[in-house]
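Remarks on the structure that follows.
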Amino acid sequence: MADSSSEAGIIEQLRALVSDLSLMVSYKWLSRKFFISSNVAKRLLYKFVEKYGDGLEVLYSVSGWTQSQPRSYSVKVVKLSQLEGAKALLAEGSSVHIYSIQASVPRDPALVWSPDNVQAEEFFNQPLDAVNCLRDNRFSGVSCSLVKRDHKGTVSSSAPASEKASLPQGLPPKPALMKNETSIAAKASNGETSNPSGSSKQANSTRGDKGNVSAGTVKQENGEGRRDANKRKEGSATAQGSSIANLWGRPSNNSKASPPKNGSPQKQLPGNADACINALEEHENGGSSDDDISNFRRLRRGGQKRRVVLDDEVSEHKEEEAASEEKEEEEEEEVISLISPEKKIEETKHEDKASNSNSRSGDDKRMDPKKKRKVLRTRIDERGREVTEVVWDTEEPESSKIEEIEKVKAPNKTAAPPPPPPASKHPASKASTSKASTKPSSKPGKKAACGPQQGSITSFFKKK
Amino acid sequence: DEDFERRDQRYKGQQYSHLYYCRLHKFREVLGSIVQSSLPRVPVSPILGLKDGKRCVVIGTVYKQMKLKPSILDEYAKERTKPLATASSFMHSEDYLVLEDASGRVKLVGSMIVPSNYVTGIVIAAWGQGGKDGDFFVRQIIEPGLPPQSPLPSITGKPACPYLKFRDKYVALVSGLRIGSDHCNPLQIQLLVDHLTGHLGDEQEQMLSAQVVRLIVAGNSLDVQYNLLAGQAISAKDQARLTEPVKELDIVLTQVTAAMPVDIMPGANDPANFTLPQQPLHKCLFPGASAYSTFLSATNPHRFELDGIEFLGTSGQNVDDLEKYSEAKDVIELMERTLRWRHIAPTAPDTLAGCFPYTDKDPFVLDTCPHVYFCGNQKSFMSRLVTGMYIWKLVRAISIPRFCDSGTAVMVTCSDRLFVGFQHR
């Protein structure tokens with residue numbers, strides 16, 4: 001902590017900053033610049049204003065409960081002239097402290113905020129490995145032992161950092177233990193609360209293998225915090241002890257004449273650990289499934305579009321499709337089993353129709369219902385048209401069963417059991433491209449942006 | 001939150017009929033049992049089986065025929081026959097309700113029915129008799145009522161700890177930060193952050209901050225400049241303008257997540273998907289904040305539990321839509337109605353644009369009653385205790401004001417669900 005000599009040094013530097021450079025110095029900026037806690041920074045600002053305050057404008061922060069109903073907690077930043085008025089609106093027990101000092105107060109409140117923001121951005125832009133005061137909130141008056149930061153890199157040392165308060169000597173840990181046990185037993189799933197707080201006392205945190213960032217707070221204080229933690233380590237055997245000890249510790253902190261390090265209450269989070277853990281898990285799960293979801297969304301969208309077109313064109317192109325269907329019937333055998341039985345029926349229906357169809361430019365149109373990756377490929381087919389189609393990213397010589405599946409899709413679009421998604425997407429895409437290539441009358445010059453829009457002009461209108 | 005996450009659902013071109021069917025099916029059971037207990041001798045009849053003069057109960061989905069409701073077909077009408085409506089309310093005195101079940105529809109008439117109190121999409125039971133013109137004359141409307149609620153964990157049951165009294169836990173709710181918009185005041189947001197993280201105030205005040213155990217950001221945290229997304233290539237300068245607010249929000253969130261658990265929900269203007277239930281904001285938007293274990297990107301609506309108290313809330317789209325299509329004296333009354341109808345967003349997908357067409361469930365149906373029910377991005381802060389038929393079902397309904405306009409956040413204590421408005425100037 002800053003002792004008087006370093007305080008004086010800081011005050012001198014402040015003087016230079018404010019008067020020479022006419023910077024706007026808020027308590028937070030000061031605390032982050034000189035690595036002092038924000039409560040100390042506020043005191044320093046107060047001393048500074050007492051000594052050198054002439055010619056400087058001071059902004060005060062007034063906070064407290066309002067007197068009028070409904071009672072609410074209000075925080076205001078006011079100039080000196082408005083200070084008394086603001087205090088009058090609040091009930092007793094409101095607190096005033098210096099928010100910032102500057103040569104002149106800007107009109108726009110955002111300008112009061114901007115130096116802090118610039119400083120915050122600097123800290124924010126530091127490499128992810130660095131643990132700085134922005135990232136672990138070390139200068140605040142409140143610490144939270146639940147916060148763990150994982151930046152996929154090095155992790156700060158996990159000293160027993162969760163407790164800062166000192167245990168009042170006379171209180172045995174046992175009743176505290178009992179109380180917490182009952183409270184925790186009342187909750188449904190509590191197995192995990194014991195682990196983090198317990199392990200944080202030993203110098204390794206087991207919670208998700210994440211580092212204990214709040215180590216920063218302990219380093220900030222002198223060794224007293226650690227000593228307390230050690231004391232408590234011996235005292236309470238179970239994990240609950242740490243959070244309870246905080247409970248006991250906090251009120252005693254208040255009574256001490258407080259250098260800020262001891263005056264820091266901790267958050268009580270026994271009930272929250274679960275929520276946090278669950279949140280963490282959900283979060284992790286959410287991240288991993290995002291890729292899948294985005295893939296599927298792409299597919300879904302593509303499949304959907306094509307299916308609409310097919311509906312319209314089914315009647316026109318049945319013959320061609322049926323023929324090609326027949327050709328590849330043998331290869332389709334194995335894939336049939338994956339598709340719902342309704343499709344099978346449709347397939348047999350179309351077997352009767354036979355006609356010569358142009359061979360599809362479709363050797364590449366492999367379909368593997370199990371694979372889920374579609375790739376757009378543009379080729380020139382045998383008729384000289386540019387064909388853009390969606391092919392599956394696989395080498396399986398699986399013929400595309402698009403036709404019959406696509407026809408099945410049309411009547412079954414609104415049926416309740418949806419066919420397996422990959423299969424449904426395959427037929428849609430493949431059928432349209434095959435149709436496009438097999439239809440001789442389709443406009444040869446029409447370059448397709450994507451498969452289903454190829455070929456028929458009526459599809460253009462129907463879609464729109 | 002798992003109900004609202006669209007984990008394995010795929011859109012295959014299905015229609016919304018499945019959603020409505022699931023809804024009706026679920027409520028038919030609920031209403032069936034309620035009707036049996038309250039009107040034991042009255043039969044429940046399908047709509048097509050209605051006979052003139054026969055007294056019975058019909059259960060079905062309400063459809064409100066509204067004259068001023070905008071319809072896409074109006075664009076194709078030859079003349080403009082529809083009177084112009086204001087954008088905020090589509091109510092008209094000639095609106096009437098139609099009840100539809102699996103067999104048919106019937107118009108509901110009677111003085112007991114006040115169409116302005118109902119919206120399309122709720123499932124109710126109507127007790128009355130068939131009228132001559134094929135109408136149904138209603139004597140009483142039976143709503144599902146508040147769903148069952150798990151009992152609040154009692155605090156008094158714990159062994160006495162003198163310090164526990166001071167340790168009320170608070171949950172902070174804020175919405176409508178609208179970072180990036182012109183009238184957002186960053187100093188206000190910074191004051192909120194400073195207070196929550198414990199920098200502001202003296203030790204007494206910081207004790208108060210220490211009691212806040214969670215922050216929920218209920219939507220509309222960002223204001224994306226849509227005029228830049230006109231479909232053309234975006235210049236580097238514009239790109240910076242687009243991403244600046246996101247970065248600012250990330251810095252704000254980093255500061256808070258370093259201090260307490262934070263849940264951020266997407267809102268109507270956030271870069272998330274449009275259809276309800278909105279999926280969580282992607283964590284790539286928050287590279288700084290998502291590194292923390294205390295950061296949670298949540299769905300909209302968001303349901304979570306804290307210390308045995310169930311919270312449920314939305315970013316406000318459902319209530320805003322209800323406001324347009326029904327009348328109520330304030331937002332809390334609308335929220336109360338959604339609780340009584342046991343459905344968070346009954347107008348989805350009818351007018352509440354964008355509802356994912358689920359095929360197997362309706363995620364907005366309330367099976368259990370939350371203890372705290374909040375709704376973000378409202379005009380002003382309001383809160384009331386909503387009671388069910390039985391006095392022990394209590395819900396604290398809160399409407400969270402927009403922070404950019406009011407500078408107010410809300411704190412809810414977990415012990416007796418009192419609230420505290422929180423103002424920043």
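Letters go in sequence order (proteins before strands), and every chain restarts at 1.
- Heavy atoms of Ser17(B) lying under 4.5 Å from chain A are absent altogether.
- Leu90(A) meets the side-chain contact (heavy atoms from CB on, under 4.5 Å) test with Val62(A), Thr66(A), Ser74(A), Ser94(A); sequence neighbours excluded.
- For chain B, the nearby part of Ser61(A) is the side chain; its heavy atoms alone come within less than 4.5 Å.
- Residues forming a salt bridge (charged side-chain N to carboxylate O under 4.0 Å, His left out) with Lys28(A) (at least two apart in sequence, or on another chain): Asp194(B).
- Interface remark: Asp360(B) contributes no atoms to any contact with chain A (heavy atom separation under 4.5 Å).
- When ring centroids are compared, Phe311(B) and His371(B) stay outside the 6.0 Å threshold.
- Counting only distance, with no hydrogens or angles, the side chain of Thr299(B) and the backbone of Phe4(B) share no donor-acceptor pair below 3.5 Å.
- Interface residue Pro186(B): backbone and side-chain heavy atoms are both found under 4.5 Å from chain A.
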